[in-house]
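Inspection log for the structure reproduced underneath, given as structure tokens.
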Amino acid sequence: MTIFLVFAGLILLLLTGMPIFAALGLTATVILILFEGKISPVADTVYAHLDKPILMTIPLFVFMAQIMIKAKVIDDLYDMAHTVVGHIRGGLGVATVMSCTIFAAISGSSVATALSIGSSAIPQMKRFGFPERDALGVIAAGGTLGILIPPSGPMILYAIVSEVSIGALFLAGIIPGVLLALIFSAYCVIRATQNPDFKSPDWAGWPRIASAVRKSIWAVMAPPVVMGGIYLGIFTASEAAAIGSLYALFVAVVIYRNLGIRDLWDCTYQTMRTSMMVFMIIAGAAMFGHAITIIRLPNGVAEAVAAMGLGPLEFILMVMAMIFVMGMFFESIAIILITTPILLPTMVALDVDLVWYGVLLMINLELAMITPPVGMNLFVIKGITNAPLSDVVRGAAPYVVLMVFGLALMILVPGLATWLPYSAGFGR
């Protein structure tokens, strides 16, 4: 009964449109007053959660993404992908997925990826007769890769709440992210082969391909610079974020030479706003986690699972189904911060690999980005194209099936997520 009341109260607050941090904090305050009669311990709890050096990764990665967007590396990135693979059957879709994959590794945001790549790709796809519904779908789905491919903002939040190594999670997201991109690309090629309406531009030729690759090389090199250092043990996740920010500044100021003082101010301002929003959410999550621990809610879930006799696989399947339904109505950040503190003790008791679960969670949150009624990427694509929302939803529908297939593959073959971080020396 307690579990139901806590969830019902929190969900009701979120459905009213209340900000996530306020809903979490208010729910925690009510619980503490009812069960403890005081809220004084909350200050120490919030301070302990915010007094972590790893939180520096959030503003630094956000700053890196803002700089790269302001430097307009997106145009060169899409032009390179379009030039290299655009001539094959379905190549425009493949080029879009390729651009989304690379930019996701720069921005760490699904919405930013869909918005930035969509603005460049959709006009080109329409120009060459790519069916509009298919174009809308591939952008919406490709944008979701920003949640899974590092440096992912939601992945950082999950790492903070679960106290899992951010470096391990970043590396764990690489193979699944690339695998999903390949699945999306294969679908684009198959779909184009079966549909005579799909057209492709002529082959650009080696000189133009070489020129496009040379122009985009600085954007393409950003992910290896950041993730390569983590994998090789050269620097930590926090240091990688700092290196990434310096690299972005170097590219914008020295290579592209299009970042003015006003642009730098805008990047810094947007970084501050985004980071403060995330930190307030973390503070609210800290309060909520403390409150549910006081009423032993996580222990109650663990005891209920034990009484049901569920094994690790059955528990994971049940949780994935629950999160899929939640994803239709709530933002990814809310899902992470509501479910993780409650489910964590049960996962530890069942010996569930938290790095593996983190990857499964991110794929499920990707699904949330393109499933109505609250799929953020659906509304982003509608906003930049003025296309009917129903067309965007229909275009994204096949990719929902493909993501469910990818999620099932990760559940059945955990090594796809865990091999890279554990081979790099991150233990469980």
Side-chain angles (χ1 to χ4, degrees), residues 65 68-69 71-107 112-132 134-146 148-150 174-228 247-248 251-252 255-256 399 402:
M68 294 296 261
I69 291 170
K72 294 182 170 58
V73 301
I74 310 303
D75 295 339
D76 288 342
L77 189 60
Y78 182 75
D79 183 61
M80 179 274 294
H82 173 265
T83 304
V84 172
V85 299
H87 63 282
I88 67 174
R89 195 75 172 169
L92 290 174
V94 176
T96 300
V97 173
M98 184 188 302
S99 302
C100 287
T101 304
I102 297 172
F103 187 71
I106 296 172
S107 70
T113 301
L115 182 62
S116 301
I117 300 298
S119 301
S120 300
I122 289 177
Q124 285 275 24
M125 297 170 89
K126 286 183 177 179
R127 176 186 163 199
F128 286 100
F130 204 91
E132 183 178 27
D134 292 89
L136 299 174
V138 72
I139 293 290
T144 65
L145 295 171
L148 182 58
I149 296 177
I174 293 175
I175 292 178
V178 172
L179 185 59
L180 274 180
L182 291 174
I183 292 173
F184 292 168
S185 298
Y187 172 76
C188 289
V189 173
I190 294 170
R191 176 97 171 100
T193 303
Q194 296 174 343
N195 190 337
D197 293 336
F198 281 74
K199 299 176 183 179
S200 301
D202 296 330
W203 183 56
W206 290 115
R208 189 177 168 194
I209 289 175
S211 174
V213 171
R214 186 170 59 252
K215 287 175 65 178
S216 66
I217 192 66
W218 294 101
V220 174
M221 285 301 297
V225 166
V226 173
M227 298 311 303
Y247 180 86
V251 171
I255 306 301
Y256 281 79
Y399 295 93
L402 294 175

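Quantities reported herein were computed from a predicted structural model and do not represent experimental measurements.
- Within the 3.5 Å criterion, the main-chain N or O of P207 finds no donor-acceptor partner in the side chain of S211.
- How far CE of M80 is from CD1 of I217: 8.0 Å, rounded to the nearest 0.5 Å.
- Taking every heavy atom of both residues into account, L145 and G177 meet most closely at CD2-O, 3.9 Å.
- Here the shortest heavy-atom pairing between A105 and I149 reads CB-CG2, 3.8 Å.
- F103 CZ to I117 CD1: the interatomic distance, rounded to the nearest 0.5 Å, is 6.0 Å.
- Rounding to the nearest 0.5 Å places CD1 of I209 at 7.0 Å from OG1 of T83.
- Applying the side chain to side chain donor-acceptor pair (under 3.5 Å) criterion to T113, with sequence neighbours excluded, gives S107.
- Note that CD1 of I190 is 13.5 Å distant from CZ of R89, once rounded to the nearest 0.5 Å.
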Inset, instruction - Check the pair F184, T96 against side-chain contact (heavy atoms from CB on, under 4.5 Å), reporting the backbone distance first and the verdict last. - result: CA-CA 10 Å; F184 292 168; T96 300; over 6 Å; no

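- Heavy atoms only, all atoms of each residue included: T193 and V189 are closest at OG1-O, 2.7 Å.
- By the side chain to side chain donor-acceptor pair (under 3.5 Å) test, D79 pairs with no residue at all, sequence neighbours left out.
- Interatomic distance, L92 CG to I122 CD1, rounded to the nearest 0.5 Å: 12.5 Å.
- Contact record, A219 with L77: CB-CD1, 4.3 Å, taken as the closest heavy-atom pair.
- In plain terms, the two heavy atoms of L402 and L180 that are nearest each other are O-CD2, 4.4 Å.
- To the nearest 0.5 Å, atom OH of residue Y187 and atom CG of residue D134 are 6.0 Å apart.
- Across L148 and P176, no two heavy atoms sit closer than the pair CD2-C, 3.8 Å.
- By the ring pair (Phe, Tyr, Trp, His ring centres under 6.0 Å) test, Y247 is found to be paired with no residue, residues two or more places apart in sequence or in another chain being considered.
- Taking 4.5 Å as the limit, every side-chain heavy atom of M98 sits out of range of all side-chain heavy atoms of S185.
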